[in-house]
Amino acid sequence: MDKSAVAVEALATHVGKAVVLQGWLQNKRASKNLYFIELRDGSGVVQCVVAKREVDDASWSAAAQATQESALVLRGQVVAHERQIGGVELQASGVELISLAEEYPITPKAHGVDFLMDRRHLWLRSRRQWAALRIRNRVIMSIHEFYQERGFVQMDAPILTGSAVEGTSTLFEIDYFGSPAYLTQSGQLHGEVMAMAFGKIYTFGPTFRAEKSKTRRHLTEFWMIEPEMAFYDLDMNMDLAEDFIVRLVQDVLRDCQAELTMLKRDTAPLARVQAPFPRISYSEAVELLTSPKTQELLQQHAENLHTERSALEAEQAQIGKRYGQVKQWKRRQMDARRIVINQRIGEIEEAQRNLPQWAESARDFVWGKDFGGSDETLLTWHFDRPIIIHRYPAAVKAFYMKRDPEDDRLALGMDVLAPEGYGEIIGGGERATDLFFLQRQVDEHGLPREAFEWYFDLRRYGSVPHAGFGLGLERTVGWIGHLEHIRETIPFPRMLGRLSP
RNA sequence: UCCUCGGUAGCUCAAUGGUAGAGCAUGCGGCUGUUAACCGCAGGGUUGUAGGUUCGAGUCCUACCCGGGGAGCCA
């Protein structure tokens with residue numbers, strides 16, 4: 001291994017110099033005396049030009065032999081080249097084949113989800129996955145920076161627990177030396193413990209939910225960041241959540257331009273993610289949801305879908321008519337276009353099927369229910385940035401939430417909803433401080449008091465106002481990267497029916 | 001659990017109930033700058049499974065299996 005090898009991402013600072021690159025062949029284009037090799041090294045991708053007259057025979061035949069994902073060492077000079085991503089390419093002087101790859105299953109063309117998921121261990125090498133997971137990395141870094149700069153202490157909550165926080169139906173149960181134990185659903189309660197010991201803390205760990213949800217927003221194993229702060233009320237909690245999200249988005253916007261470009265992410269909506277976020281109470285949200293304004297937005301959306309579909313269908317008909325009379329290469333273009341059209345029409349059809357239900361759900365929404373996925377999406381349509389909804393009916397929130405002193409029906413909870421249909425990325429609130437209230441809540445939720453004695457102790461020994469929230473890492477990354485599915489935001493997604501690789 | 005869409009070549013997809021095709025990938029040949037390169041040729045199929053309707057089924061019907069998306073629930 002060559003210690004002097006340069007990372008692709010650093011090449012811009014090596015223009016005009018001779019370098020050694022180590023990596024894998026992502027794609028190759030050939031003409032008689034020239035190979036264009038796209039070399040991937042994990043830090044980026046660079047085009048390497050291998051010209052027959054510039055290299056020796058061994059190098060030339062190595063370049064000829066190299067298949068997709070073959071491992072290579074390339075030597076050459078870095079030259080500036082306007083048309084390349086990153087602005088540089090390598091003029092190769094030597095090619096060494098380290099390992100000849102067998103026929104690679106993931107080709108440069110499209111593949112289906114199931115096929116790719118079965119090959120997740122290889123799929124991770126693809127550009128989109130690279131971009132998505134680099135954004136994940138940047139977000140994780142920002143999370144730690146944000147809290148560490150503010151004097152928060154990182155404290156891990158246990159993953160194995162003896163008690164449930166949320167409903168028991170979504171718990172993964174395991175055998176713990178003959179007793180039942182559960183994989184954690186939230187570090188919440190332990191976070192409160194640590195906040196009483198360290199003041200301001202945050203947990204960062206995996207969370208498990210045995211929900212039988214098959215949607216683009218659900219994983220059975222996901223990562224959650226849960227800050228918990230002593231002497232914080234609901235407003236301070238919302239301020240923190242707002243600053244936090246702005247920071248994550250702006251860091252990615254600044255440091256992940258290449259990744260966002262690769263994902264074809266429209267960055268305008270991200271640039272608008274600035275404080276303050278609209279803060280609306282649950283009751284105001286219900287009013288908004290059931291208002292004519294929401295129905296108008298739905299109507300407009302339905303019309304847009306209809307117009308788009310008509311245009312696509314007209315184009316489809318045109319293609320069908322002309323198909324028999326055109327040249328081969330044109331026909332191929334038409335085939336490709338036809339596939340894109342079919343896919344989009346499928347999406348529109350589904351949206352058109354769902355829209356009436358969305359409208360009905362919004363129109364008939366009654367105070368007291370929790371918002372469904374479509375309701376949340378509709379609420380975010382009214383705004384151009386994330387929104388915070390606070391003061392939910394106590395009945396739909398967790399037992400440990402503090403009641404609103406001004407209205408006992410309400411809990412001092414808050415959710416942050418991401419725009420563009422990505423839904424809830426934060427859930428949290430101010431915690432109840434009163435021992436007797438909590439004991440009653442535990443009883444009413446049918447939970448065993450004994451299991452919460454240690455939690456009750458926090459209210460016996462110096463109980464103070466405190467608050468916190470949980471941020472879903474994968475949903476956040478999915479939203480920032482505008483990814484179609486949450487499974488692309490984590491290296492090895494765990495979902496219903498998916499445990500491997 | 002329910003609703004909905006789908007399963008055709010290694011992959012992605014076509015195919016008014018009437019001879020199963022295209023692109024990519026693979027192999028061979030061509031091309032001095034390509035950007036999912038391009039051009040030519042070749043090999044590649046028990047249309048998810050089991051029944052049924054029909055002169056004839058990839059296409060219609062029934063059941064089952066597998067997958068996508070959504071509801072419920074949630075980050």
Side-chain angles (χ1 to χ4, degrees), chain A residues 26-38 45 47 49-53 67-68 81 83-85 89 91 102-119 126-127 166-167 169-170 185-186 207-226 319-320 323 328-329 331-336 338-343 346-347 349-351 353-354 357-358 361 370-374 376 396 398 415-418 422-428 469-479 484-487 489 495-498:
Chain A
Q26 186 154 61
N27 200 6
K28 183 167 84 171
R29 290 176 285 275
S31 65
K32 192 174 183 183
N33 297 310
L34 221 44
Y35 284 109
F36 298 96
I37 292 174
E38 280 177 15
V45 181
Q47 172 166 287
V49 185
V50 184
K52 193 171 188 179
R53 62 170 182 221
T67 51
Q68 190 185 356
H81 201 292
R83 290 174 64 195
Q84 297 304 329
I85 298 172
E89 67 176 19
Q91 197 67 51
E102 295 175 21
E103 188 178 331
Y104 194 65
I106 301 177
T107 66
K109 288 280 179 177
H111 295 284
V113 171
D114 196 43
F115 178 84
L116 290 170
M117 285 298 295
D118 283 342
R119 291 159 187 79
S126 302
R127 289 180 183 224
E166 318 277 341
S169 61
T170 64
Q185 290 177 304
S186 163
T207 305
F208 306 88
R209 305 264 168 100
E211 289 160 3
K212 290 190 174 167
S213 292
K214 263 186 7 181
T215 84
R216 64 183 82 210
R217 301 189 310 280
H218 287 86
L219 295 168
T220 52
E221 175 184 296
F222 64 96
W223 288 69
M224 196 149 66
I225 296 85
E226 295 178 280
I319 290 177
Y323 194 76
Q328 184 83 14
W329 67 273
R331 207 178 271 199
R332 237 173 269 142
Q333 271 187 354
M334 289 167 128
D335 280 336
R338 186 140 68 173
I339 288 169
V340 171
I341 291 174
N342 281 346
Q343 263 169 9
E347 284 169 21
E349 273 173 0
E350 197 181 324
R353 270 196 306 273
N354 289 335
Q357 291 158 35
W358 286 30
S361 167
D370 204 357
F371 298 122
S374 67
E376 289 182 350
V396 303
D415 287 348
V416 179
L417 306 184
Y422 283 87
E424 189 178 341
I425 53 172
I426 277 182
F469 59 81
L471 172 102
L473 176 64
E474 286 77 15
R475 283 192 183 173
T476 304
V477 173
W479 161 52
E484 198 182 315
H485 199 294
I486 197 166
R487 67 184 149 230
T489 65
M495 310 182 295
L496 200 58
R498 177 67 61 183

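Order of the sequence lines fixes the chain letters, A, B, ..., with proteins taken first and strands second; residue numbering starts at 1 for each chain.
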Is there a donor-acceptor pair closer than 3.5 Å between any side-chain N or O of [X] and the backbone N or O of [Y]?
X: T476(A); Y: G472(A); value: yes
X: E474(A); Y: W223(A); value: yes
X: R475(A); Y: R217(A); value: yes

> Starting at the 5' end of RNA chain B, which residue's closest nucleotide do you reach first, F115(A) or Q91(A)?
Replying inline: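 So the residue in question is F115(A).
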> Quick one: on RNA chain B, does L496(A) or D415(A) contact a more 5' nucleotide (nearest heavy atom)?
Replying inline: L496(A)
Paired with [N] by Watson-Crick or G-U wobble geometry, both distances under 3.5 Å: which nucleotide is it?
N: rU49(B); answer: rA63(B)
N: rC41(B); answer: rG27(B)
N: rA57(B); answer: none
N: rG72(B); answer: none
N: rA22(B); answer: rU12(B)

>> I'd like to know if E89(A) reaches the base of rG33(B) with its side chain, counting only an N/O donor and acceptor under 3.5 Å.
In response: yes
>> Among rA75(B), rA71(B), rU34(B), which nucleotide has an atom closest to any side-chain atom of R29(A)?
In response: rU34(B)
> Among rG67(B), rG33(B), rA75(B), which nucleotide sits nearest the side chain of D114(A)?
Replying inline: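 For the D114(A) side chain, the nearest candidate turns out to be rG67(B).
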Taking only the [atom1] atom of each, what is the distance from [N] to [M] in whole angstrom?
N: rU12(B); M: rC74(B); atom1: P; answer: 36 Å
N: rG40(B); M: rA14(B); atom1: C1'; answer: 24 Å
N: rC24(B); M: rC61(B); atom1: P; answer: 35 Å
N: rA57(B); M: rU47(B); atom1: P; answer: 12 Å

> Does a side-chain heavy-atom distance below 4.5 Å link E89(A) with F36(A)?
Replying inline: no
> Does the ring of F222(A) meet both stacking tests against the six-membered base ring of rA75(B): centre distance under 5.5 Å and plane angle under 30°?
Replying inline: yes
> What are the two closest heavy atoms between H218(A) and E211(A), and how far apart are they?
Replying inline: CD2-OE1, 3.4 Å
